Amino acid sequence: MHYNPMELMICCAARLLEDGKTAAVGTGVPCAAAMLAQRTCAPHLVILFEAGGVAPQLPTMPISVGDSRTFYRGVMATSMCDIMETCQRGLIDYTFLGGAQIDAHGNLNSTMIGRDYARPDVRLPGSGGANDLASLCWRILVVTIHDRRRFVERLDFLTTPGYLSGPGAREAAGLPPGTGPYRVITDLAVIGYHEQTKRMEVLSLHPGVGLEKVREATGFELHVREPLAVTEPPTEAELRILREEVDPHRYCIGR
Amino acid sequence: MHYNPMELMICCAARLLEDGKTAAVGTGVPCAAAMLAQRTCAPHLVILFEAGGVAPQLPTMPISVGDSRTFYRGVMATSMCDIMETCQRGLIDYTFLGGAQIDAHGNLNSTMIGRDYARPDVRLPGSGGANDLASLCWRILVVTIHDRRRFVERLDFLTTPGYLSGPGAREAAGLPPGTGPYRVITDLAVIGYHEQTKRMEVLSLHPGVGLEKVREATGFELHVREPLAVTEPPTEAELRILREEVDPHRYCIGR
Amino acid sequence: MNSLPQGTGALFADPSANRAREAFAAKPRALCDKLTTVADAVARLVRDGDYLAIGGFGANRLPTAVVHEVLRQGKQDLSFAGHTATHDFQILCAGNLTGRGRTLAKVDVAYVVGLEARGLSPHARRVIESGEVECVEWSNYTLAVRLKAAAMGLPFLPARSLLGTDTFRHSAAKVIVCPFTGEKLVALPALYPDVSAIHVHEADRYGNCRIRGTTVADIELARASKRLIITCERLIPNDEIRRDPTRTVIPFLCVDAVCEVHYGSYPGNMPYEYFSDEDHLRRWLTVEKDLDAYKRFLEEHVYGVKDFAEYLQRCGGLPRMQQLRQREFLLDRGR
Amino acid sequence: MNSLPQGTGALFADPSANRAREAFAAKPRALCDKLTTVADAVARLVRDGDYLAIGGFGANRLPTAVVHEVLRQGKQDLSFAGHTATHDFQILCAGNLTGRGRTLAKVDVAYVVGLEARGLSPHARRVIESGEVECVEWSNYTLAVRLKAAAMGLPFLPARSLLGTDTFRHSAAKVIVCPFTGEKLVALPALYPDVSAIHVHEADRYGNCRIRGTTVADIELARASKRLIITCERLIPNDEIRRDPTRTVIPFLCVDAVCEVHYGSYPGNMPYEYFSDEDHLRRWLTVEKDLDAYKRFLEEHVYGVKDFAEYLQRCGGLPRMQQLRQREFLLDRGR
């Protein structure tokens with residue numbers, strides 16, 4: 001069955017979510033992944049939105065992290081502090097983030113492109129809730145297009161913490177122990193982090209993608225976990241649910 | 001018109017409450033005073049209870065600071081933190097407190113009688129909300145029976161701050177500036193605090209009470225503000241409202 | 001900096017946010033059925049030596065059934081958050097000096113021994129004055145702030161009361177200075193209770209809860225607790241919870257057991273349901289004066305009954321509850 | 001201790017709890033009638049140079065009428081809490097670089113310039129990239145915590161995010177160490193806005209407010225603000241507030257003006273009322289690309305209309321609102 005890169009990425013992300021766990025999600029791809037997971041591998045996955053929605057029965061994809069869909073038939077509509085403090089207490093397992101730039105340690109930039117903070121070339125929104133979620137949830141997932149503009153040796157601005165400068169750096173900075181980047185899902189590969197160096201490590205290449213292509217699209221040195229696997233393509237069931245139930249208007253998966 | 005000491009004390013306390021102000025009250029005499037004030041000198045007085053009741057239309061005297069009367073037809077039923085933080089922000093003008101012992105600076109003991117904290121002669125409830133209200137509201141009112149067991153030179157335990165050791169001590173301890181004891185209403189007199197020393201100063205004697213009697217009932221040196229006034233006795237209107245509307249079952253004013 | 005005052009009291013619970021995260025990490029998160037009996041909940045979730053906290057305020061919205069069950073199961077050496085504890089503290093004290101070991105070992109005191117305007121509990125005084133329970137002093141707000149710190153996943157929070165008093169001196173608080181303004185503040189260590197019980201109006205079987213009226217410190221307490229027992233007046237369908245998620249104040253994520261206990265706050269007040277039974281509370285205070293009489297009373301009302309429903313029966317059963325419901329709605333006053 | 005990191009950003013508002021208390025002490029407390037027009041509320045309560053904060057999240061439950069009025073009255077040199085600010089920030093940016101002086105001077109950034117999945121605002125980018133607005137960085141939660149500190153009457157609160165990042169470096173936060181556990185924390189200075197606006201579902205004329213759905217940071221914001229303008233979908237009688245005080249989330253004590261504004265969150269979403277007008281928001285983003293076209297658009301939709309009702313009329317009036325109501329309840333999907 002044919003599928004596009006976005007569909008593959010969403011399926012990969014969904015499969016990473018364990019049943020019976022909690023995930024703080026945003027709109028778009030993360031939300032689609034969580035919705036797909038609930039309908040496949042993780043029927044008891046609990047999703048939360050930072051503006052206050054807890055365990056909604058999403059009727060459609062939300063447009064905003066705070067719109068009324070995010071608590072549609074939820075079990076609680078609460079406050080941002082309550083959600084973030086639930087993360088801070090250690091009750092939220094996964095969060096999904098993105099950014100304009102990511103480095104080898106999974107640090108993210110969503111603040112600015114340029115060299116001068118006071119006069120940026122491009123001003124981006126800033127942290128939003130990303131810095132908080134990446135600091136406070138147990139495992140950070142990133143879903144992103146894979147190219148050299150995004151996968152950079154040096155961020156223009158470190159908005160959101162990955163492993164910061166490497167092993168032990170999060171703990172040294174005061175972030176809760178045991179938290180940190182977990183997986184990066186791109187249109188080329190599924191990437192984890194090397195146990196010792198806390199730098200990105202390719203775990204599987206998407207069908208038809210060679211390691212060279214991934215290296216060319218990456219502005220820093222990548223570890224490779226041997227033997228390097230090939231990403232399991234989406235199943236027919238996954239694609240059907242994704243297309244018919246999760247994103248029938250194709251907001252995320254495109255036309 | 002005849003009245004008893006409790007009725008006089010409640011009327012004196014009510015008259016101290018300015019219209020359009022806020023008061024954190026408890027059960028019993030303070031509540032009766034606030035209810036009387038609302039029906040006489042301070043129709044726009046807003047009362048709050050530390051358990052979360054805001055501006056109730058009290059149908060009867062509450063039995064507990066947290067019972068359902070304390071938010072009966074209130075404008076908000078909230079949390080203890082919300083009430084106390086409203087005090088902490090500086091929005092609450094008056095609070096009413098009591099205690100087993102009070103000293104010349106208006107400090108209160110409601111924790112224990114005895115010399116050994118670990119083995120008290122009498123264990124009392126502790127601060128409750130008193131320490132917080134006395135720290136955070138602008139003006140502290142105390143209503144109490146006047147005798148040497150209560151008005152002591154040295155507290156067995158300083159539960160709740162008055163002026164602590166004297167002028168500047170509250171600010172030095174870190175308590176919000178401009179707060180502190182305001183009046184003590186006893187069955188003998190109305191007492192304020194001396195501007196310089198922050199020690200108790202008799203402002204008026206109740207009808208028929210001599211200064212000597214007050215001094216005998218007090219275990220410490222009292223200032224006297226000259227010329228010493230005689231407390232205005234309760235008016236007929238005050239007594240009628242107190243007996244018929246505020247405390248028809250005579251819980252506070254006795255039989 | 002070293003000259004800033006600090007309290008001399010002990011910490012009865014670990015304020016570490018990192019260690020609390022480990023405990024919360026192990027908590028189940030899925031929407032699963034938590035409906036059980038009070039006896040089962042207390043047997044599984046309350047352990048000897050635990051730090052226990054009880055919701056409500058005084059005798060209002062009190063999870064009485066859980067407190068009785070703690071006595072009946074003979075739990076020992078508990079630490080307790082004495083946060084405007086009145087009848088709950090009185091009940092727990094019945095496990096000390098009555099020949100059944102020592103239920104209470106340590107108490108964080110904000111308000112104990114008293115029952116507000118009703119007077120002091122003779123037996124609670126006996127227990128504390130005996131010296132067999134270690135006490136540390138706080139105030140209602142600062143103890144609530146300690147729970148709030150835990151609910152926020154922090155090791156401490158600042159506040160502006162307690163300062164300058166013996167209450168502070170006998171607490172485990174410390175004075176700190178604001179790093180921005182230089183204002184002095186009291187630093188309060190987070191309080192993560194091992195186990196708590198809260199009585200609510202309505203809950204579904206997953207533990208999503210609604211409370212009507214004041215929430216006191218229960219929103220914080222629910223989130224602060226490592227284990228949480230909910231008793232509710234009425235079990236409601238999850239569908240009803242989802243119909244109006246704004247009304248949920250405690251989410252299922254915090255909850256370990258849900259027990260349906262009608263009149264569960266008796267003899268306390270349950271707002272919008274029934275008023276307190278002042279006669280019964282007065283009887284309790286009176287009978288405590290004589291220790292032997294009190295032991296017989298406890299046998300009759302707690303130890304010798306199989307569950308809370310039987311206790312209610314001994315206290316007048318449904319006809320009495322009907323009177324208290326009328327009193328709550330002021331219907332006994334001709335309204 | 002001196003070696004602990006601290007941010008290099010400026011503080012745009014005074015975090016002193018003592019000075020905030022002075023401001024709150026002067027606030028009227030009685031239940032008095034605060035009903036007025038948006039024009040009057042903004043004229044009286046928003047002053048040049050003020051620190052302004054806006055409630056809701058993104059374009060959800062947005063007090064749009066107040067934000068338009070701030071532009072119309074040409075308020076200048078505001079500081080702004082960019083707390084998941086999307087359409088509100090976009091509107092305020094219309095007061096910069098459009099020949100009407102400088103509405104925005106300073107911004108505490110948690111989220112600005114973007115409109116979530118809808119993309120970036122070209123004009124907001126223009127304004128920030130010009131350098132004429134001073135920015136300091138935060139995150140959504142830490143900015144909410146700053147408001148919470150103020151709501152609690154404190155000069156600061158700790159949290160556990162922000163640490164180790166450039167966001168921290170460009171903030172005004174400081175690293176502190178827990179006095180009990182030694183755990184590192186970020187200290188966040190309290191944010192007491194001079195003036196804020198929040199849109200709610202229902203309010204009485206004294207300012208007691210109800211919100212349905214998520215409250216975002218508005219419970220904190222209402223309490224943190226020295227002056228507060230409430231717009232509401234529906235004015236309700238005080239009697240209805242008193243019928244169910246549990247539903248009140250903002251008390252009259254916090255409120256300085258109450259304005260009834262039907263469809264007041266348009267073009268944003270108002271939960272349980274109407275969905276966002278995505279066509280209109282898309283049009284706004286498109287027209288911004290060309291500054292002259294944008295100025296004409298602003299003239300037509302903000303500067304050249306007398307009030308919010310006229311703006312709604314220009315955006316399709318009641319028939320459009322009816323469509324958005326159907327969308328909110330999914331009635332356009334055959335339900």
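These numbers come from the heavy atoms of this one structure, side chains and all, not from hydrogens, waters or symmetry mates. Just so you know, these numbers come straight off a predicted model, no measurement behind them.
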Considering only heavy atoms, which portion of [X] lies under 4.5 Å from any heavy atom of chain A: side chain, backbone, both, or neither?
X	result
D/Val136	backbone
D/Phe275	side chain
D/Ala59	neither
D/Asn140	both
D/Thr84	side chain
D/Val216	both
D/Asp166	both
D/Leu120	side chain

Heavy-atom contact with chain D under 4.5 Å, split by part of A/Val54 | neither

What are the residues of residues 139-147 of chain A, in order of number, with any heavy atom under 4.5 angstrom from a heavy atom of chain D?
-> none

Considering heavy atoms only, which positions within residues 151-162 of chain A lie below 4.5 Å of chain D?
-> A/Phe157, A/Leu158, A/Thr159, A/Thr160, A/Pro161

Answer with yes or no whether the side chains of A/Ser127 and D/Glu137 bring together a donor and an acceptor at under 3.5 Å.
-> no

